[in-house]
Amino acid sequence: MIWEPEWEELPQDEMETLQLFRLKRLIRRVYERVPFYRGKMDQAGVRPEDIRSLNDLRLLPFTTKDDLRENYPYGLFAVPLPEVVRVHSSSGTTGKPTVVGYTKGDLAVWSSLTARVLAAGGVGREDVVQIAFGYGLFTGGFGLHYGAEKLGATVIPISSGNTRRQIMIMRDYGTTALVCTPSYALYLAETMEEMGVSPQELRLRVGLFGAEPWTDQMRREIEVRLGIDATDNYGLSEVMGPGVSGECIEAKSGLHIFEDHFIPEVIDPVTEEVLPHGEKGELVLTTLSKEALPLIRYRTRDITYLYREPCPCGRTLIKMAKPSGRTDDMLIVRGVNVFPSQVEEALLELEGTSPHFQLVVDRKGCLDELEVWVEASEGMFFDSMRMQKELVDKITERLSSVLGIGVKVRLVEPRTLERTEGKAKRVVDKRSVS
Ligand code: DLL
């Protein structure tokens with residue numbers, strides 16, 4: 001189902017007209033109201049009236065996470081605090097957190113956009129939606145909650161954690177749609193198996209997963225183990241939270257970006273040059289309708305590419321490829337770029353391993369060493385030493401060829417790597433600690 005066909009099916013030329021109108025309005029607004037943006041535009045020698053076409057967006061300076069941090073907590077807000085009715089915050093695992101604000105109008109738009117995401121992923125008013133994202137400062141729980149209510153679905157706001165209870169509730173309340181991170185979905189599948197609950201005992205039909213990168217291989221694994229159709233959805237707290245883009249269940253290939261509210265660009269993260277569609281780089285987003293915290297050319301650090309293609313679902317919206325990682329997730333090991341998603345993809349193609357893994361980088365002397373910890377599957381772990389050694393050799397060979405550097409593989413017992421109820425931690429970089 002398409003939740004807002006009048007926007008999601010808008011012909012491209014009409015969409016561009018709308019975007020330009022909103023962009024001009026946005027730039028005038030931030031120039032008048034946010035000293036930070038006025039300062040940056042003055043410095044770059046750009047005035048609001050210089051924005052005459054969508055291409056003129058390129059004249060404007062980028063905004064970064066550091067800009068948000070330096071203006072912590074409310075410095076970039078474009079409305080007085082009494083107009084802000086909600087705040088959320090990013091986790092702040094690295095440095096100061098960033099605070100985001102929403103006016104009543106922002107919340108209304110946000111729920112429409114998460115309703116679009118849910119509808120695209122196959123959810124309707126007859127569904128029972130279990131939201132296993134954290135509720136709180138994290139945007140996942142509340143963001144998708146209001147969208148699901150707007151759709152008219154029955155919402156179970158269970159939040160994250162207490163995995164066995166999640167499964168009991170899923171079974172007893174007749175959950176048909178699961179909303180959480182893909183790694184938590186896998187953890188739920190594993191716990192179900194432990195509890196002897198089979199997917200046939202559940203009414204689960206679809207899963208909408210996001211908030212962290214996951215590969216198509218991982219999608220297939222989750223779909224088989226939970227007996228569902230799984231779609232991806234993307235967002236980030238600074239820009240809004242979930243509701244920036246989402247996959248449709250018809251195609252399950254690429255995430256439709258809600259272009260009436262966001263202008264996407266992809267840039268080369270080093271030269272900052274805007275790249276043509278189809279080329280991979282860093283996603284940059286401009287918010288077109290946000291009132292409390294508008295962002296101009298926000299550098300997301302997420303790696304993807306943009307493309308337009310006719311989609312069987314009927315949406316005309318541009319698509320972004322499944323984000324493959326973050327520029328700051330990328331490990332540089334002996335000069336070679338390594339992404340956790342490459343490891344995930346390779347492991348899921350090999351038999352005898354599970355999709356639970358961690359990359360551990362350390363520096364021995366002056367040489368970086370990459371160790372990949374991989375959980376053996378149950379069956380494999382109890383096999384003979386010889387079989388295990390063969391598996392380690394096979395993984396080592398595959399990873400070394402995929403990554404282009406030598407790696408050391410450590411096979412660990414099933415269920416020993418830490419499970420997460422939120423975002424999985426794929427990388428332990430011991431080099432930065434020393
Ligand atoms: O994770 C918002 C969200 C909640 C999105 C629930 C989808 C569902 P943050 O905690 O600010 O917000 O983290 C944002 O998570 O910049 C990406 O690096 C990553 N991310 C989010 N969705 C995806 C996805 C929420 N579908 C950061 N694929 C983003 C890959 C994702 N990475």
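Start at 1 with the first residue, then count along the sequence. All ligand and atom numbering here is 1-based and tracks the order in the structure.
Residues Thr215 and Glu344 bring a donor and an acceptor atom of their side chains to less than 3.5 Å of each other. In this model, no donor atom of one side chain and acceptor atom of the other lie less than 3.5 Å apart for Gln217 and Glu221. No side-chain N or O of Ser237 forms a donor-acceptor pair with one of Ser90 less than 3.5 Å apart.
Put simply, the side chain of Arg58 reaches to within 4.5 Å of the side chain of Glu265, judged on heavy atoms. Contact of the Phe138 side chain with the Lys423 side chain is registered, since non-hydrogen atoms from C-beta on lie closer than 4.5 Å.
Just one of Arg326, Arg299, Met320, Arg301 meets the side-chain contact (heavy atoms from CB on, under 4.5 Å) condition when paired with Leu283; it is Met320.
Contacts between Phe138 and ligand 1 below 4.0 angstrom, taking non-hydrogen atoms only, involve the side chain exclusively. In Asn233, the parts holding a heavy atom less than 4.0 Å from any atom of ligand 1 are both the side chain and the backbone.
A donor-acceptor pair under 3.5 Å is absent between the side-chain atoms of Thr63 and the main chain of Tyr298, judged by distance alone. Under the 3.5 Å distance criterion, the side-chain polar atoms of Arg219 are matched with a main-chain donor or acceptor of Lys252.
Looking at atom 28 (N) of ligand 1, its nearest protein heavy atom turns out to be Glu212 O, 3.2 Å. Counting protein heavy atoms only, atom 15 (O) of ligand 1 is closest to Lys423 NZ, 3.2 Å. Ranking the protein heavy atoms by distance from atom 11 (O) of ligand 1 puts Ser237 OG, 2.5 Å first. Looking only at heavy atoms of the protein, atom 19 (C) of ligand 1 is closest to Ala211 O, 3.6 Å. The protein heavy atom nearest to atom 6 (C) of ligand 1 is Phe133 CZ, 3.4 Å.
Of all atoms in ligand 1, numbered sequentially from 1 with element shown, those under 4.0 Å from a heavy atom of Thr139 are 2 (C), 12 (O). The ligand atoms of ligand 1 that sit less than 4.0 angstrom from a heavy atom of Gly140 are 4 (C), 6 (C). Taking every non-hydrogen atom of Asp232 and a distance limit under 4.0 Å, the qualifying atoms of ligand 1 come out as 24 (C), 26 (N). Residue Asp302 approaches ligand 1 through these ligand atoms, each under 4.0 Å from one of its heavy atoms: 16 (O), 17 (C), 18 (O), 29 (C).
Evaluated by nearest non-hydrogen atom to atom 30 (C) of ligand 1, the leading choice among Gly210, Pro213, Ser324 is Pro213.
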